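The block underneath contains the structure these notes are about, expressed in structure tokens.
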Amino acid sequence: MAEEMEGERSNTKPRDLLGKIRAITRSILQDICSGRSPVLCIDRFRNYCSDATGNCFCSSDLSIGKEVISLQRECHARRLDVLLRVLLIIQLLLQQNKHGSKRDIYYMHPDVFQEQAVVDRAINDICILLCCSRHNLNVVSVGKGLVMGWLRFVEAGRRFDCIGSLNTKFITVNFNFYTDMVSVANYILVVEKESVFERLANDQFCNRNRCIVITGRGYPDVPTRRFLRLLINKLHLPAYCLVDCDPYGFDILTTYRFGSMQMAHEAKFLRVPEIRWLGALPSDSKKYDLPQQCLLPLTPEDILRIEAMFLRCYLQREVPHWRLELERLLQSGVKFEIEALSVHALSFLSEEYIPSKVKGGLHI
């Protein structure tokens, strides 16, 4: 199953990665011994640009160029120092077959690293240098996603039967542990917030609609996005996304579908191009007759964020209908949360809104 997710990637076994690490350090030592300044060339990726016409050739699958890190530049000296320190820690994790979090790595040299973002950048650089994903390095992040519904799987030898009990399950940090995945669900529903997830759980939504529900509890982490990608690859189910009708909700939606710029080098293994926007749409406020008290004015920050999103090339090239909805959001001058639909009834979301939209194909 892990091999399916990695697609065209190869040589990501610990033995192969340790060989690559030795080759990098050997090259740096040879440069120093020969009196040359060590140089590292790191590919750079992006999953979108600011060509709003969409007439570009952006692809996170291809490098847009290389960044050269050299001791000849003073600003690169510390960055190279950090990268090599993190590389040494990763080497130990692989040799000892242990796992560590990004936070663990930070606290091994807090006086040198100074902030977590420095470690995060080094780990991303190392992933690009070694042509692998973060989990291949035995570096894990704390999984915060949740899943429930018509799903059964084995994780690290333990069987989880969400079909029988309809229990909520935390999404773990290492998708390599998932095997024997079985489901009789009709679709997958991704919801932005834990509060909506809990509302659906209380209403026994999965039991009544034979589906799987996932939440990343806000902006989704890597394990949640990998798990969703794995579900779709394995089960071949349609996926719908339900987010707040505001710029942050829209950004979360695009993160699921296109990936994030920060993780552009892994976007092809994380993005879910099959996902459809179920709601909440700007037009829903009138369609479902939301009272004025449920609508909030867009803030200046919201407006700036929307205007910046308009420049993302993939909106025009791949989902122009999403862009039209974003224009409607800006023109309306108001936003609202998913929970605002509960103004009609506590279970309106689970009994009316979602089922009618899925059955009627009212998604974009």
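Remember, predicted model here, so these are calculated numbers, not experimental data.
Pairing each heavy atom of Lys357 with each of Leu278, the nearest pair is NZ-O, 2.8 Å. Ser101 and Val139 make their closest contact through C-CG1, 4.5 Å (heavy atoms, listed as atom of the first residue, atom of the second, distance). Annotation for Gly218 and Ile252: closest pair C-CD1, 3.7 Å, computed over non-hydrogen atoms. Smallest separation of non-hydrogen atoms from Lys335 and Pro297: CE-O, 3.8 Å. Residues Glu325 and Pro282 share a closest heavy-atom pair of OE1-CD, 3.0 Å. Among all heavy-atom pairs drawn from Phe336 and Leu281, the shortest one is CZ-O, 3.5 Å.
A salt bridge does not link Arg305 to Asp246: none of the charged nitrogens lies less than 4.0 Å from a carboxylate oxygen. Look at Lys193 and Asp244 and you find a salt bridge, because one of the NZ, NE, NH1 or NH2 atoms lies within 4.0 Å of a carboxylate O, short of that distance.
Note: the hydrophobic cluster containing Val213 also contains Phe348 (ILVMFWY, side chain heavy atoms under 4.5 Å, direct or indirect links).
Thr224 contributes atom OG1, which lies 15.0 Å from atom OH of Tyr219 (distance to the nearest 0.5 angstrom). To the nearest 0.5 Å, atoms CD1 (Ile21) and CG (Leu84) are separated by 11.0 Å. Taken from CZ in Arg312 to CD in Glu318, the straight-line distance is 13.0 Å, to the nearest 0.5 Å. Put simply, CZ on Phe258 and CG on Leu270 are 14.5 Å apart, with the number rounded to the nearest 0.5 Å. Taking CG from Leu87 and OG1 from Thr25, the interatomic distance works out to 7.0 Å, rounded to the nearest 0.5 Å. Distance check, rounded to the nearest 0.5 Å: OG1 of Thr255 to CD of Glu192 gives 10.5 Å.
In summary, the side chains of Arg199 and Ser342 do not present any donor paired with an acceptor at a separation below 3.5 Å, with no hydrogens or angles considered.
Partners of Val118 under the side chain to side chain contact (heavy atoms under 4.5 Å, CB included) rule, at least two apart in sequence or in another chain, are Arg78, Val82, Glu115. With sequence neighbours excluded, the residues that form a ring pair (Phe, Tyr, Trp, His ring centres under 6.0 Å) with Tyr240 are Tyr187, His363. Asp31 pairs by the salt bridge (charged side-chain N to carboxylate O under 4.0 Å, His left out) definition with Arg36, not counting sequence neighbours. Applying the salt bridge (charged side-chain N to carboxylate O under 4.0 Å, His left out) test to Glu274 and every residue at least two apart in sequence or in another chain returns Arg229. Residues that satisfy the side chain to side chain contact (heavy atoms under 4.5 Å, CB included) test with Ile303, not counting sequence neighbours, are Leu298, Glu307, Leu330. Contacts of Arg210 classified as side chain to side chain contact (heavy atoms under 4.5 Å, CB included), with partners at least two apart in sequence or in another chain: Trp150, Val184, Asn186. Legend: residues meeting salt bridge (charged side-chain N to carboxylate O under 4.0 Å, His left out) with Arg208, ordered by chain and number and at least two apart, are Glu351. Remark: Phe250 pairs with Trp277 by the ring pair (Phe, Tyr, Trp, His ring centres under 6.0 Å) rule, at least two apart or across chains. Every residue meeting the salt bridge (charged side-chain N to carboxylate O under 4.0 Å, His left out) condition with Glu327, not counting sequence neighbours, appears here in chain and number order: Arg323. With sequence neighbours left out, Glu301 forms a side chain to side chain contact (heavy atoms under 4.5 Å, CB included) with Tyr248, Thr299.
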Q. Checking side chain to side chain contact (heavy atoms under 4.5 Å, CB included) for the pair Leu200/Cys206: CA distance, chi angles, key distance, verdict?
A. CA-CA 8 Å; Leu200 298 180; Cys206 295; over 6 Å; no
Q.
Run the side chain to side chain contact (heavy atoms under 4.5 Å, CB included) test on Phe153 and Ser183 for me, step by step, so that the C-alpha distance in whole Å, both residues' side-chain angles and the decisive distance to 0.1 Å come before the verdict.
A. CA-CA 9 Å; Phe153 57 89; Ser183 177; over 6 Å; no
Q: Assess whether side chain to side chain contact (heavy atoms under 4.5 Å, CB included) is satisfied between Leu237 and Leu231, documenting all intermediate values.
A: CA-CA 8 Å; Leu237 295 173; Leu231 282 181; over 6 Å; no
(Q) If you apply the rule side chain to side chain contact (heavy atoms under 4.5 Å, CB included), what do you find for Ile90 with Asn138, and how did you get there? (A) CA-CA 7 Å; Ile90 288 171; Asn138 288 357; over 6 Å; no
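Proximity of a side-chain donor or acceptor of Thr254 to a complementary backbone N or O of Asp251 within less than 3.5 Å is detected. Although no hydrogens or angles enter the test, the distance criterion places a donor-acceptor pair under 3.5 Å between the side chain of Trp322 and the main chain of Ile364. Distance alone, capped at 3.5 Å, places no donor-acceptor pair between the His344 side chain and the Glu352 backbone.
No side-chain heavy atom of Asp125 sits under 4.5 Å from any side-chain heavy atom of Leu40.
Note on residues 89-109: pairs passing salt bridge (Lys or Arg N to Asp or Glu O under 4.0 Å), not counting sequence neighbours, are Lys102-Asp120. Evaluation of the salt bridge (Lys or Arg N to Asp or Glu O under 4.0 Å) test over residues 81-96, restricted to residues two or more places apart or in two chains, returns Asp81-Arg85.
The aromatic rings of His109 and Phe113 stand perpendicular to each other, their planes meeting at an angle above 60°, with 30° marking the opposite boundary.
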